[in-house]
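What follows is a set of notes on a single structure, which appears directly below.
These numbers were taken from a predicted model, which means no experiment stands behind them.
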Amino acid sequence: MADDMSFNPTRDDFEALLNDSMGGRDFAEGTVVKGIVVGIEKDFAIIDVGLKTEGRVQLKEFGVDENGKAIIKVGDNVEVFLERLENALGEAVISREKAKREEAWTRLEGVYARNEPVMGAIVGRVKGGFTVDLGGASAFLPGSQVDIRPVRDVGPLMGKEQPFAILKMDRPRGNIVVSRRAILEEARAEQRTELVSQLQEGEIREGVVKNITDYGAFVDLGGIDGLLHVTDMSWKRVNHPSQVLAVGDTVKVQIVKINPDTQRISLGMKQLQSDPWDGVEAKYPVGAKFTGRITNITDYGAFVELEAGVEGLVHVSEMSWTKKNVHPGKIVSTSQEVDVVVLDVDPSKRRVSLGLKQALANPWEAFLEAHPVGSSVEGEVKNATEFGLFVGLDNDIDGMVHLSDIDWSVPGEEAMARYKKGDLVKAKVLDVDVEKERISLGIKQLAGDPMSGDTYRKNQTVTVTVTEVTTGGIEVRFGEDDAPMSAFIRKSDLSRDRQEQRPERFAVGDRIDAQITNVDKAARRVSMSIKSLEMAEEKEAIEQFGSSDSGASLGDILGAALRERASKE
């Protein structure tokens, strides 16, 4: 049987013989295999890995000594990466570099799984970052992961072995992403924790200003930074930290608060000074007058510095007696010195309410003193509204003439139509309400009230002027020119004779006599009648020139009365 197998071997026989010659090893392309150096020829090392033929590897892949000679020699056992079992020449294609890379990947995967740092060196610059050698495997270091703060010059870091944190590994794609910043942050966190444990709230320390922002400054306390907020720099208002500090300044600060969770440290400078708000009520009593400086202007008022660290607010409503709904910036300006009066003090809320207008004379009080009720004033019509006229007076204040106080006899709307903006008018001061800041004026009161006293009485005969003729009667005017009165004589009162009760008998401008039949002072109405006057005159004539037994006719009596009147005239 043995002879038959020797002379006629089968496929299985060949496989068994091959396995015996391979020593039972499983060779697969893309794996790391062990071999032995069997020779060195020029720049190559001949390595037997147990295949039909040896493989060749450049000596530089194994490294060189100080003299530039290969450190590998015949008989050394090495591991190489089997790329192909054989090439066109029948040789095994192997690589020491790729073997080292595979070894590195295996090692790095273990490190990555254990979340441990790995040593490496920055060896080159690429787009967006740098290349890091991790002992046989190349990794990418993003520019943002080089340091905690942006680094302008990475020269001192190049080629220097240092720890890195592996952020991501993708073996199929051969991608490794590392971070130097993560290592630094972790080290700083440990250092910060240790330093924070050594600090106490209320402790006073010296530090150096490292950075200034709009909201404060960061102070280095010796390996750990604290924030000095702009509101804790001084008791007085600080618009920007640069007004107080500069980068590099050495400052003495107090540790105000330490947050154990975030390890943030809040610092303060003003805490080292006495609080100017202590005893503020005694220093600034309500009603007292002080001089201060405008530090800030807002839509709702202006802040006035009374002393360093103590500011009060002048609300927009307390800025001017007369300027209403005006932006504070149009009344005062920043850095302006002003006199103010203390209106209210609240030490618990650190607030002082001030008044700017209270430091000036009240224009309504000044007006009342100069123009008491009953006096006359003159001013320009500033505005006409549906309820009256506004007249400009002294010190930019206005008085109002109600439409009912314009004319005694003419309706308000009609009387207002006589005036326009810019007209100069005279008026009488009727009332001054200092508290409500109101002045009431009257134009018609200058002439006196024609309805007052006994100026017009019932049965009184007056001469009137026709101002209008209507189908129902005539409108007439009477009295003084500066205080005229008006009345309406009905058609039935135009004459005793019915045939003469025709309004068209009269024309505008005619002057006629009429008798007052009624005076209603409450309604300011006077009733007149020509008919009543004629009847009264007839009665008087009969009483004077005739009697019931004289035998004289009515014509004779009236003729005599008329002749007597004519002779008197």
Distance (rounded to the nearest 0.5 Å) between Tyr300 OH and His327 NE2: 11.0 Å
CG/Asp170: more than 12 non-hydrogen atoms of other groups inside 6.0 Å: yes
Exam field: side chain Trp364 to backbone Glu435, donor-acceptor pair closer than 3.5 Å: no
Nearest heavy-atom neighbours spanning Asp431 and Val373: CA-CG2, 4.1 Å
Exam field: side chain Lys323 to backbone Pro328, donor-acceptor pair closer than 3.5 Å: no
Lys426 side chain to Gly379 backbone, donor-acceptor under 3.5 Å: no
Distance in Å, Glu337 CD paired with Thr291 OG1, rounded so as to fall on 0.5 Å steps: 7.0 Å
Spacing of CD1 belonging to Ile258 relative to CG belonging to Leu199, to within rounding of 0.5 Å: 5.0 Å
Least distance between heavy atoms, Leu134 atom then Gly120 atom: CD2-CA, 3.9 Å
The single option from Arg351, Lys236, Arg237, Arg350 passing salt bridge (charged side-chain N to carboxylate O under 4.0 Å, His left out) against Glu311: Arg237
Check: Ile122 and Val154 side chains under 4.5 Å, non-hydrogen atoms: no
Any side-chain heavy-atom pair of Met400 and Ile439 under 4.5 Å: no
Shortest non-hydrogen contact between Lys270 and Trp235, atoms and distance: O-NE1, 3.0 Å
Donor-acceptor under 3.5 Å (Arg180 side chain, Val146 main chain): yes
Derivation and outcome, side-chain contact (heavy atoms from CB on, under 4.5 Å), residues Leu441 and Lys428: CA-CA 5 Å; Leu441 305 174; Lys428 188 175 184 179; over 6 Å; no
Non-hydrogen side-chain atoms of Val209 and Val251 separated by less than 4.5 Å: yes
Expected output: side-chain Lys444 to main-chain Ser404 donor-acceptor under 3.5 Å: yes
Arg205 bridged to Glu203 by N-O distance under 4.0 Å: yes
Lys420 atom NZ, over 12 foreign heavy atoms within 6.0 Å: no
From CA spacing to verdict: side-chain contact (heavy atoms from CB on, under 4.5 Å), Glu437, Trp321: CA-CA 9 Å; Glu437 301 179 353; Trp321 290 108; 3.5 Å; yes
Contact summary for Gly124 and Met158, nearest pair of heavy atoms: N-CE, 3.8 Å
Gap separating the CE atom of Met169 from the CG atom of Asn175, nearest 0.5 angstrom: 10.5 Å
Interatomic spacing from CG in Asp278 to NZ in Lys283 - rounded to 0.5 Å: 7.5 Å
Closest non-hydrogen atom pair, Thr322 against Pro363: CG2-CG, 4.3 Å
Validation row: Asp394, His371 side chains within 4.5 angstrom (heavy atoms): yes
Beyond-backbone contact of Val118 with Leu108, side-chain heavy atoms, under 4.5 angstrom: yes
Arg418 CZ: over 12 foreign heavy atoms closer than 6.0 Å: yes
Under 3.5 Å donor-acceptor, Asp249 side chain and Ala246 backbone: yes
Those residues that, when tested against Lys210, pass side chain to side chain contact (heavy atoms under 4.5 Å, CB included) (two or more places apart): Arg149, Asp220, Asp225
Minimum side-chain heavy-atom gap Val341-Phe290 below 4.5 Å: no
Beyond-backbone contact of Val340 with Tyr284, side-chain heavy atoms, under 4.5 angstrom: no
Main-chain N/O of Gly279 paired with Glu281 side-chain donor or acceptor, under 3.5 Å: no
Main-chain N/O of Pro150 paired to Asp147 side chain as donor or acceptor, under 3.5 Å: no
Which residues share a side-chain hydrogen bond (donor to acceptor under 3.5 Å, both in side chains) with His240, sequence neighbours left out: Asp214, Ser242
Polar contact flag, side-chain donor to acceptor under 3.5 angstrom, Arg293-Gln336: no
Note, Leu221 side chain near Leu267 side chain (heavy atom, < 4.5 Å): yes
Side chain Asn395, main chain Ile397, donor-acceptor under 3.5 Å: no
Heavy-atom pair of closest approach, residues Glu307 and Pro276: OE2-CB, 3.8 Å
Residues Ile255, Gln200; criterion side-chain contact (heavy atoms from CB on, under 4.5 Å); working and verdict: CA-CA 7 Å; Ile255 298 174; Gln200 297 292 330; over 6 Å; no
By side chain to side chain contact (heavy atoms under 4.5 Å, CB included) - contacts of Ala302 (at least two apart): Ile294, Ile297, Met319, Val332
Glu116 side-chain N/O to Tyr112 backbone N/O, donor-acceptor pair under 3.5 Å: no
side-chain contact (heavy atoms from CB on, under 4.5 Å) between Ile443 and Asp405, intermediate numbers included: CA-CA 6 Å; Ile443 296 177; Asp405 291 318; over 6 Å; no
Distance in Å, Ile406 CD1 paired with Tyr419 OH, rounded so as to fall on 0.5 Å steps: 6.5 Å
